[in-house]
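Below: the structure, in structure tokens.
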Amino acid sequence: MVRRRIKGLLFLCIAGLLVLMARLIQIQLVQTESFSKHNVNLLEESVRQRTQELVIDNGRGNFLDRNGEMLTHKKVSVLVLFPFLKNMNWDIGAVSTISGISEVKLKDALDQATKPFAVGEPEPVELTSAQMEKINKLEIPGVFAIEKKFERKEIPAEQLLGLTGENVMELKKRYPNKDLSEKTLIGVSGLEESFDEFLLPEGKSKLVYHVDGGGAPLFGINVKYVDPANPFYPVNIRTTIDKSLQQKSEDLVDKHGINKGGLVLLDIESNSVLASVSRPAINQKDPYSGSGITNRMIKQEILGSIFKTVVAAAAIDQNLDVPTRLFNCSQKINGEPELKYNYGMLSFTESFARSCNRTFGELAKELQKKDNNMLVDYAEKLSLTGTVGWQGEVYHTNNFKQLLDEDKGRVFLTEDAKKDPNFSAMSGIGQHEVRATPLAVANMMATIARGGKKEMVRTASKIEYKNGTTMVALEKKELPGDMISPYSAMKLQKMLREVVVNPNGTGKWFQDLPYEVAGKSGTAETGKYENDKQLHNKWFAGYFPYQNPKYALVAVNLDVLDTEGGVNLLFADMVKMLFENDKGTP
């Protein structure tokens with residue numbers, strides 16, 4: 001009996017040891033990088049327990065403006081202290097004298113520290129190159145003057161550039177064959193998402209020191225600098241954004257109270273985005289709350305009279321722009337008396353300058369009668385439908401898109417709507433189902449300024465290696481599809497200029513600007529109401545200087561009362577700012 005019990009107890013002990021061994025094998029050999037349902041990386045956690053580190057650069061690639069200046073981050077020369085200094089005698093006086101940081105401040109910072117830190121974080125004290133050299137010559141263990149990468153508090157063009165975050169499931173889904181740390185940041189919106197595969201880190205640059213079980217340093221083991229040591233990575237994305245113009249543009253948008261909307265500024269020659277502002281801004285404390293993360297410059301909106309430019313292009317080609325023909329602009333498009341905008345009898349050009357709805361409702365009906373697809377075809381010729389952002393082959397990706405979230409524009413939703421004269425009339429004035437993005441509208445103005453030549457809009461011009469050499473050049477590309485003729489483009493140019501120079505034109509506010517402007521206004525009914533008053537989208541889109549076009553600009557204020565301004569003043573101030581900037585005036 002006793003033997004049986006002993007055997008049973010021995011069996012249980014052996015079984016327990018086997019279970020324990022199996023568990024140890026699982027932990028030590030099998031699930032070392034994804035232990036438990038939380039996918040804990042045991043190797044990383046083990047190393048983390050034995051070391052303390054200060055990350056100098058997370059290794060993710062950077063976004064640069066067109067002049068090579070970092071956009072999302074900045075490199076700052078800082079003083080780094082390690083917490084073990086609080087238990088050592090070190091020359092704090094010399095460090096204080098060189099850095100200009102008081103001994104009291106250095107001691108207080110060390111007393112509160114549990115890990116290495118840059119003195120003054122989150123707004124670290126910035127050192128000069130001379131100060132850095134003197135501090136490092138002291139060769140004090142745990143005291144370093146280094147250049148560290150910090151994220152900017154205010155990131156220019158934040159919705160365009162996008163956000164990053166940690167997401168283990170998405171990381172494995174995107175890159176199943178890559179050996180990446182679960183803490184790896186990935187792009188979740190904007191260009192961060194589009195260029196994510198190029199921006200992935202090879203590893204972090206960091207200062208590391210080893211500790212014992214109590215967190216004290218293992219002396220004899222110096223602080224080490226760890227770096228991936230790859231001269232080519234991380235890569236940089238050279239955007240087309242001009243950081244200075246971007247910041248001035250954001251200031252002007254906020255100055256003129258654009259709470260929902262923004263602007264797009266294009267360089268016409270390169271067809272590149274120089275500035276893009278979207279409001280509301282991203283909530284820095286909770287980026288995914290509200291609609292701040294949405295880049296409204298690539299989302300479709302109701303155009304209003306901006307779309308009359310498309311109708312005008314079609315009318316010119318169909319010889320409906322007879323100079324002697326007059327339109328009754330004392331009537332609405334349905335024939336009822338027009339009390340608010342009673343302009344009398346106007347010609348085609350005068351109707352465009354004063355934005356007469358009756359004229360373009362009638363013309364849209366006549367065009368529809370000739371061909372149901374006429375408005376759709378001309379909207380496509382002027383790049384309002386489809387997407388306009390740069391796309392093409394980049395390495396193994398055949399259809400790489402710089403703007404993943406860009407909406408397509410449209411004229412009609414159904415085939416039946418195309419065949420309905422009344423729907424065509426409403427579409428002719430940019431209402432009903434007509435939609436386009438502010439980016440596409442800016443591209444339409446650039447297309448007209450170039451004489452009808454359509455091009456894709458670039459937000460990035462190349463991908464660069466760490467050493468500054470080009471990895472991939474993202475060259476200018478034509479936008480596929482039919483174009484308007486140079487003759488039609490020339491006539492549209494004159495009509496867009498007439499909007500400004502005509503004493504009664506809807507762009508008369510821009511007659512005295514330092515650059516001659518050509519453009520079109522738009523006021524669209526949204527169908528939304530506030531205190532029984534309908535809200536509108538207010539637009540002005542144009543290009544300048546008129547004789548030698550350099551910039552295309554769209555300003556839009558969304559969901560506002562018809563009496564609210566902002567757009568015209570914003571557009572005018574942008575023109576003035578660009579003129580002064582081109583002169584070299586600070």
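If you're wondering where the values come from, they're calculated on a predicted model, not measured in any experiment. The analysis underlying the following values was restricted to heavy atoms, covering all of them including side chains, and did not include hydrogens, waters or symmetry mates.
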Hey, can you pull the donor-acceptor pairs under 3.5 Å for the side chains in residues 76-87, sequence neighbours left out?
| residue | atom | partner | partner atom | Å |
| --- | --- | --- | --- | --- |
| Lys86 | NZ | Leu110 | O | 3.0 |
| Lys86 | NZ | Ala113 | O | 2.8 |

[atom1] ([X]) with more than 12 external heavy atoms under 6.0 Å:
X: Asn399; atom1: CG; value: yes
X: Glu133; atom1: CD; value: no
X: Lys204; atom1: NZ; value: no

Cationic N near anionic O, under 4.0 Å, [X] to [Y]:
X: Lys454; Y: Glu478; answer: no
X: Glu202; Y: Lys466; answer: no
X: Glu123; Y: Lys153; answer: yes
X: Asp582; Y: Lys550; answer: yes
X: Asp57; Y: Lys148; answer: no
X: Arg238; Y: Asp65; answer: no

Does the plane of the ring in Tyr551 sit parallel, tilted or perpendicular to the ring in Tyr515? Use 30° and 60° as the thresholds. tilted
Specify whether Phe232 and Tyr465 have parallel, tilted or perpendicular ring planes, treating 30° as the upper limit for parallel and 60° as the lower limit for perpendicular. perpendicular
Sort and list the pairs that fulfil ring pair (Phe, Tyr, Trp, His ring centres under 6.0 Å) and have at least one residue in residues 149-188, not counting sequence neighbours. none
Shortest non-hydrogen pair, Ser194 vs Leu403, comes out as OG-N, 4.3 Å
Compare every heavy atom of Ala555 with every heavy atom of Val567, then report the nearest pair and how far apart it is. CG1-O, 3.6 Å
Considering only distance and modelled atom types, tabulate donor-acceptor pairs under 3.5 Å from the side chains of residues 156-168, sequence neighbours left out.
| residue | atom | partner | partner atom | Å |
| --- | --- | --- | --- | --- |
| Glu158 | OE1 | Gln284 | NE2 | 2.9 |
| Gln159 | NE2 | Ser278 | O | 3.1 |
| Gln159 | NE2 | Pro280 | O | 3.0 |
| Gln159 | NE2 | Gly292 | O | 3.0 |
| Asn167 | OD1 | Met169 | N | 3.3 |
| Asn167 | OD1 | Glu170 | N | 3.0 |

Examine distances only and state if a side-chain atom of Arg152 and a backbone atom of Ile155 form a donor-acceptor pair shorter than 3.5 Å. no
